[in-house]
Amino acid sequence: GGSNGWGVPAAHAEEDDDDDDDDDDDDDDDDDDDEEEDEYADRKILKEGNFIVESVLASNLPTGPGIPTKAELFGGLNARKGNEVSKTDLSDDLEVLLGTGLFANVDANVTPKGKKGYAVEFVFREKIWPSVRSFKVNGARSLPVEIEREVLTQVQKSKNCTVRVLATMKNIIEGYYTSKGLTFGTISHFDGMETGDVIAHVIEGEITRVKAVFLDDNMQPVTRGRTHPRVIQREHNFKVGTLYNVEDAKTALRDIFLLSLFDNVQVVPRPDDKDQSKVQVDIMLRERPVKTAESELEWSIAPGEGGKPDLVSIKPGGSVFFEHRNLDGWGRQLYGSVSTANFLAPQDDLGFKLEYHHPYCLGDGDPEKTGFKTSVFNSRKLSPVFTGGPLMDEVPAIWVDRAGAKATITQNFTRQSKATASLVIEEVTTRDESGAVVGAGAKQGPNGQLSVDGPPTTHSGTGTDRIMFAQGGLTRDTTRFVNGTPVGARDIFNLDQSIGLGSGFPIYNRFTASSTRFIQLQKEDPKKNIPPAVLVVHARGGHIVGNCAAYDAFTLGGPHSCRGYNVGELGASRSFLEYAAEIRIPVPVLNTHAFAFWERATDLGSSASVPGNPTEYYRRAGSGSSAGVGLKLGPVRAEYATDGNQANGTAFVRFGERF
């Protein structure tokens with residue numbers, strides 16, 4: 001019984017009493033008695049009535065899911081290995097264990113162990129109450145009534161109410177909270193077991209405070225940061241009076257980090273100091289430098305007279321980039337870049353872009369997070385419309401310069417789904433390799449002479465167009481990443497509508513639509529980081545109604561159209577259709593996937609309706625298919641593809657995703 005466990009163990013005291021009663025006999029005892037006395041001397045109490053705990057044991061302790069373990073029960077007791085314990089300490093421990101309400105009785109047995117220590121054994125007797133007649137939950141506001149009914153159905157299968165029955169209640173209720181991300185949802189205690197009308201008292205983790213805490217470079221809190229607290233507040237779902245949800249924490253981490261204002265973001269929930277059943281949420285933030293400038297310089301040295309470079313032929317080129325990520329502390333951003341191959345004569349190929357981004361332009365309370373973006377730009381790209389077919393000699397390149405301004409409004413329905421509306425004003429100029437403006441394409445004639453009777457390059461036919469048009473876009477994206485590979489659906493629709501203003505007063509409507517499905521063929525293994533097998537099915541099409549300039553025609557072929565061909569190798573069309581299938585198979589050793597694909601692209605016979613028919617002029621097929629295999633290595637795709645027109649095989653390395 002418990003009487004054996006107070007202070008100095010009773011067995012030890014009784015042995016001392018026996019020694020006193022038999023003094024004469026003890027004088028004649030052999031050396032064994034002396035050794036026994038030495039053993040007890042070694043086990044001397046540090047302080048009268050105290051002893052050192054060598055080990056702590058538990059007998060008859062119920063075990064099972066939801067039942068407090070030995071470590072949980074004994075964690076805060078005085079009787080722990082190495083501690084000096086008194087009778088009062090042990091009595092307090094018994095009170096603590098009985099105070100859990102789970103046991104009818106708890107005794108403590110203390111026995112010698114080793115030379116100086118004692119083993120403390122707590123003996124439990126499980127408490128048994130009458131069978132459960134009714135069950136209610138107190139303090140819950142997010143727990144469905146169905147869960148209470150499920151608990152009652154389960155526990156009424158037992159004849160009596162025991163610790164195991166209470167553990168069943170606990171597992172069902174807390175399991176529901178965990179499944180909903182309510183990690184602070186727990187049962188604090190039960191009552192009513194004596195009558196059979198059991199009540200479970202729960203705490204759900206109501207938020208009492210949400211605070212943005214800014215950190216310095218040493219991760220120490222500072223009084224305030226450069227960013228206005230409302231910039232952080234509008235990116236998370238934590239609100240005072242609501243329940244803390246781990247999914248909200250994950251979303252807050254992702255969305256706040258995507259602001260690009262912070263290089264370290266942490267969400268730290270903790271019990272409220274004034275009410276331990278409530279939760280305070282601290283969002284820890286370390287800010288990035290708001291201003292960044294980068295420059296890159298390249299020297300192109302061309303031979304001058306006599307074959308030696310001189311100062312005139314040394315051409316310094318490069319780029320300059322700058323950004324301000326947090327104008328006025330409200331997360332508004334300004335970006336700028338300038339690039340040229342020759343800073344001494346930048347007018348030849350100067351490219352620049354200046355962009356301003358204003359998030360939440362309709363106010364912080366806007367649920368769609370409407371943003372405004374405006375930019376001015378000047379860019380130059382090689383046109384794939386004026387590209388020769390596989391049987392064509394080299395075609396003189398046509399470069400397309402675009403300079404203008406664009407204003408865009410974006411509404412975000414979800415993190416990945418959005419709608420955009422833009423107004424674009426631009427000047428489009430087509431140039432040859434020397435930079436001269438050209439109004440038509442060219443090719444090599446049979447006798448080697450250059451023929452300049454090719455397709456017109458612009459609406460006006462002069463090589464320069466000034467136009468204004470509106471753009472719209474819709475994106476529905478439900479994809480998610482499973483061990484590094486996307487799974488889900490993505491649909492995209494884009495539209496360009498001319499306003500009728502500009503060179504030649506063009507009237508046209510240009511649209512594209514694409515649909516991609518990433519179909520997961522097997523469940524992922526939670527114990528391994530291997531991507532699951534996935535089937536990708538993709539289709540994309542488009543059409544131009546009205547005037548069609550060559551620089552707006554759809555080009556077929558290339559890494560994002562039909563692999564195995566160069567960009568534009570199959571043709572330039574007014575209408576097109578592409579469709580593809582790709583099977584992705586996991587490669588366990590590399591934790592990645594290999595894939596096989598088949599693709600086809602066709603102009604639907606519309607190439608002839610493009611002014612000058614560049615597809616026919618440059619002897620291109622107008623349609624084609626390809627098949628191949630590949631291996632994904634991080635952001636890189638190593639692929640081998642065979643085109644269906646010439647049966648040529650090509651190996652190449654690409655960055656990013658195909659779909």
Side-chain angles (χ1 to χ4, degrees), residues 178-181 235-237 245-259 367-371 410-420 472-495 511-542 559-563 577-588 590-601 628-637 639 654-659:
T178 301
S179 69
K180 299 301 179 181
E235 296 297 334
H236 64 74
N237 296 322
N245 194 308
V246 69
E247 295 301 321
D248 290 339
K250 293 177 181 178
T251 302
L253 284 173
R254 180 195 66 206
D255 292 349
I256 294 174
F257 195 78
L258 288 176
L259 292 173
E368 294 175 344
K369 302 181 180 180
T370 305
T410 302
Q411 288 186 322
N412 300 280
F413 306 125
T414 66
R415 183 174 64 91
Q416 300 175 133
S417 300
K418 61 184 179 180
T420 61
L474 281 173
T475 300
R476 175 186 173 272
D477 191 342
T478 62
T479 58
R480 59 186 179 90
F481 280 90
V482 177
N483 291 341
T485 191
V487 171
R490 183 186 298 124
D491 301 310
I492 302 174
F493 178 80
N494 290 311
L495 174 73
F511 72 87
T512 60
S514 68
S515 181
T516 310
R517 296 293 181 270
F518 303 88
I519 305 169
Q520 186 172 346
L521 301 180
Q522 65 181 107
K523 290 185 177 181
E524 65 273 18
D525 187 345
K527 298 181 181 179
K528 299 179 180 179
N529 196 32
I530 302 174
V534 173
L535 173 65
V536 184
V537 182
H538 170 77
R540 181 170 176 263
H560 297 287
S561 172
C562 188
R563 284 172 279 188
L577 177 64
E578 300 169 353
Y579 42 98
E582 181 173 291
I583 181 73
R584 299 175 175 177
I585 305 299
V587 181
L590 301 176
N591 282 347
T592 184
H593 57 244
F595 54 89
F597 61 87
W598 179 87
E599 299 182 338
R600 180 167 179 78
V629 296
L631 181 67
K632 186 83 175 348
L633 298 170
V636 176
R637 288 181 292 118
E639 298 178 336
R654 307 287 187 190
F655 286 86
E657 293 288 341
R658 160 64 177 92
F659 303 105

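The salt bridge (charged side-chain N to carboxylate O under 4.0 Å, His left out) check on Asp477 picks up Arg490, with sequence neighbours excluded. Residues passing the side-chain contact (heavy atoms from CB on, under 4.5 Å) test with Glu368, sequence neighbours excluded: Asp366, Thr370, Gln411, Phe413. Remark: Arg476 pairs with Asp491 by the salt bridge (charged side-chain N to carboxylate O under 4.0 Å, His left out) rule, at least two apart or across chains. For Glu582, the salt bridge (charged side-chain N to carboxylate O under 4.0 Å, His left out) partners at least two apart in sequence or on another chain are Arg563, Arg584. Here Glu578 pairs with Arg540, Leu556, Ser561, Phe576, Ala601 under the side-chain contact (heavy atoms from CB on, under 4.5 Å) rule; sequence neighbours left out. Residues meeting the side-chain contact (heavy atoms from CB on, under 4.5 Å) test with Ala513, sequence neighbours left out: Phe493. Under the side chain to side chain donor-acceptor pair (under 3.5 Å) criterion, His538 pairs with Thr516, not counting sequence neighbours. Qualifying side chain to side chain donor-acceptor pair (under 3.5 Å) partners for Lys369, counting only residues two or more places apart in sequence or in other chains: none. Looking at residues two or more places apart in sequence or on another chain, you find no side chain to side chain donor-acceptor pair (under 3.5 Å) involving Gln416. Residues passing the side-chain contact (heavy atoms from CB on, under 4.5 Å) test with Arg254, sequence neighbours excluded: Thr251, Leu258, Arg415. Under the rule for a salt bridge (charged side-chain N to carboxylate O under 4.0 Å, His left out), Lys418 has no partner lying at least two apart in sequence or in another chain.
Ring geometry for Phe595 against Phe597 counts as tilted: the plane angle lies between 30° and 60°, on a 0 to 90° scale.
Note on residues 528-538: no pairs pass salt bridge (Lys or Arg N to Asp or Glu O under 4.0 Å), not counting sequence neighbours.
Using a cut-off of 4.0 Å between Lys/Arg side-chain N and Asp/Glu carboxylate O, Glu639 and Lys632 are scored as not salt-bridged.
A heavy-atom distance below 4.5 Å is not found between the side chains of Ile585 and His593.
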